[in-house]
Amino acid sequence: MIRTFKNSLRLLFVARTMARHDALFFLDKLERLPFYLVALRKIMPLFALGATRSKDLRDGERLANALQELGPSFIKLGQALSVRADLIGEDMVLDLGNLRDRLPPFPFEKARETIEYELQTPLEELFAEFNPAPVAAASIAQVHFAKVRETVPAPTDEDPDATEEILRDVAVKILRPGIEEAFEQDLRLFFWLAGLVERYQPHFRRLRLTKIVETMADSVELEMDLRLEAAAASEMAENFAEDPEFDVPEIDWQRTAKRVMTQSRIEGISISKKDELVAAGHDLNALADNVIRVFLHQVLRDGFFHADMHHGNLFVTADGRLVAVDFGIMGRMSRETRLFMAEMLHAFLTRDYLRAAEVHFEAGYVPPHKSLASFAQACRSIGEPILGRPVSEISIARLLVQLFQITETFEMETQPQLLLLQKTMVTAEGVAQSLNAEINFWESAEPTVAHWMRENMGIEAQAADIVKDGIALLRKIPAIVTKADDLLTELEAREKALDQAADAGETAAAERRNRAGYLVAGVVLGALAAWILLLAA
């Protein structure tokens, strides 16, 4: 009851903010709303009296402005909705896609307090220099530039073991004060609202809104521990250790804790600054191809991808390497899911719509009672208009959006594990197209997808899987034999116990028979004695 009351109060504040931005329009499209939400919808505009009207803005722009004002949790919610055209429509997806988590910075003293508490050392001992002005402030954390002293080898002819002290540039990421409590409060509200929608809007149940909020909650939980972000950066650095065209900042583990992370500073140009990239002599077409290549390697080869690859998180170094930062949101995909994605993409690339349909059925994403031929026809209706357009208009984002739009017809349940991938794919394509408007995502993706499929789905790969499974089975044989032996020993022990119980039962039965015999004999003898006494009397 108390939780419902708190959620209701929070919802009232949210609704008031939405009303001020004239962003409650989506309630008009829902059916069977609870009475209190109907009443709330009627009275909320009264709380917005005097607010600046935004009639010249689109619905999506008004919603984005409201979410921006509501803070970090709602910004994340808007970003999650920005890939759900089946829920909010394609136009609104484009507006929410521009939602960025830029917020005012928190004071330097709060940053100092967090660093010294987490690392248990005064700031001046940790850093030789620390810029109090943040260079970036997002919804969860902000970043400061600093310098650290480092002793490095400096051998000379006279002293091969000589060293020298240098200053190394680093970037320090610090969580916002109180951000954990703020997210926890809003996530409780999101779970409550998802439950209400699934209860009162039955046709939305297939969208698995509660599961989507769970996915968001898991992602946020990982973002709240910067040690996990540091580990993600380290893992991706290992995955691309041999790649000369992609790099990841080095983590300073001695200056990293739960709420503070220190990494090497990137010297490069933001990929959003196209003019500066051109002036520096970089090949924008090659950079665009590299963005797609790196993304596909992360997804298909590694099953571990940077799920926030927007312009602000990508830089280009002087030698042309692409460098990613901010590893707070990461995605993982099982090999089975990667096989599905690769085969589905390859089927669309080669216009094999029957195979595109088959992989959906094989993955269990489409109910088996639906028509395979009809779903193949639906896939064709998506692929042909896109593949037949000029290169500048070919969009994998549009393909995925339209693919989601047919899910209701075929009763497909939403796959939460694919939503993060879809969002990342759309973002990566947007970055690539900003560098090269004529880039053909399909042409750039096809070599990587085809190569990965040959290595993982060809005859050699299948043979390798059989050998791998056989080796795994051989490794399990000793354990299987041990378990079988233990099972036989246990069965023998049980059989012996049963035999003993049976013997004990027979003995007990004999004793009971003897006792009964004695009792009968006693009764007979007693009766005979009594009869004799009576005769004597």
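What's counted below: heavy atoms across the whole structure, side chains too, no hydrogens, waters or symmetry copies.
Considering every non-hydrogen atom in both Ile251 and Ala233, the closest pair reads CD1-CB, 4.0 Å. Contact detail for Arg301 and Asn239: the closest heavy-atom pair is NH2-O, 3.1 Å. Taking all atoms of both residues into account, the shortest heavy-atom contact from Gly331 to Ala307 is N-CB, 4.2 Å. In terms of heavy-atom proximity, Val299 sits nearest to Arg338 at O-CD, 2.9 Å. Between Glu223 and Leu175, the shortest heavy-atom distance links the atoms O-CD2, 4.0 Å. Taking both residues in full, the closest heavy atoms of Ala111 and His144 are given as CB-NE2, 4.1 Å, listed atom of the first, atom of the second, then distance.
The closest donor-acceptor contact from the side chain of Asn313 to the backbone of Met309 lies at 3.5 Å or more, if one exists at all. In terms of modelled atom types and a separation under 3.5 Å, the side chain of Arg176 and the main chain of Ala138 share a donor-acceptor contact.
The local environment of CD in Glu69 is crowded, with over 12 non-hydrogen atoms from other residues, nucleotides or ligands closer than 6.0 Å. Shown here is Glu124, whose CD atom has more than 12 heavy atoms of other residues, nucleotides or ligands within 6.0 Å. For Lys147, the NZ atom is densely surrounded, since the number of other residues' heavy atoms within 6.0 Å is greater than 12.
In summary, of the residues considered (Ile115, Ile174, Ile179), a side-chain contact (heavy atoms from CB on, under 4.5 Å) with Arg259 occurs for Ile179 alone.
Close placement of the Phe190 and Phe74 rings is indicated, their centers lying within 6.0 Å of each other.
Interatomic distance, Leu167 CG to Arg149 CZ, rounded to the nearest 0.5 Å: 6.5 Å. Taken from NE2 in His306 to CD in Gln298, the straight-line distance is 7.5 Å, to the nearest 0.5 Å. Taking CZ of Arg188 as the reference point, atom CG of Leu193 lies at 13.0 Å (rounded to 0.5 Å).
A salt bridge does not link Lys258 to Glu180: none of the charged side-chain nitrogens sits closer than 4.0 Å to a carboxylate oxygen.
Annotation: cation-pi pair Arg112/Phe130 absent, no NZ/CZ under 6.0 Å from the ring centroid and within 45° of its normal.
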* Thr448 vs His297, side chain to side chain contact (heavy atoms under 4.5 Å, CB included): CA-CA, chis, key distance, verdict -> CA-CA 8 Å; Thr448 303; His297 274 317; 4.3 Å; yes
* Kindly indicate, with the supporting measurements, whether the criterion side chain to side chain contact (heavy atoms under 4.5 Å, CB included) is fulfilled by Val325 and Gln263. => CA-CA 10 Å; Val325 298; Gln263 63 183 32; 4.1 Å; yes
* Would Met236 and Phe246 count as a side chain to side chain contact (heavy atoms under 4.5 Å, CB included) if you check the C-alpha gap in whole Å, the side-chain angles of each, and the deciding distance to 0.1 Å? -> CA-CA 10 Å; Met236 184 158 286; Phe246 181 71; 4.2 Å; yes
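Between the side chains of Arg293 and Asn290, at least one donor-acceptor pair of N or O atoms lies under 3.5 Å.
The side-chain hydrogen bond (donor to acceptor under 3.5 Å, both in side chains) test applied to Glu118 returns no partner, not counting sequence neighbours.
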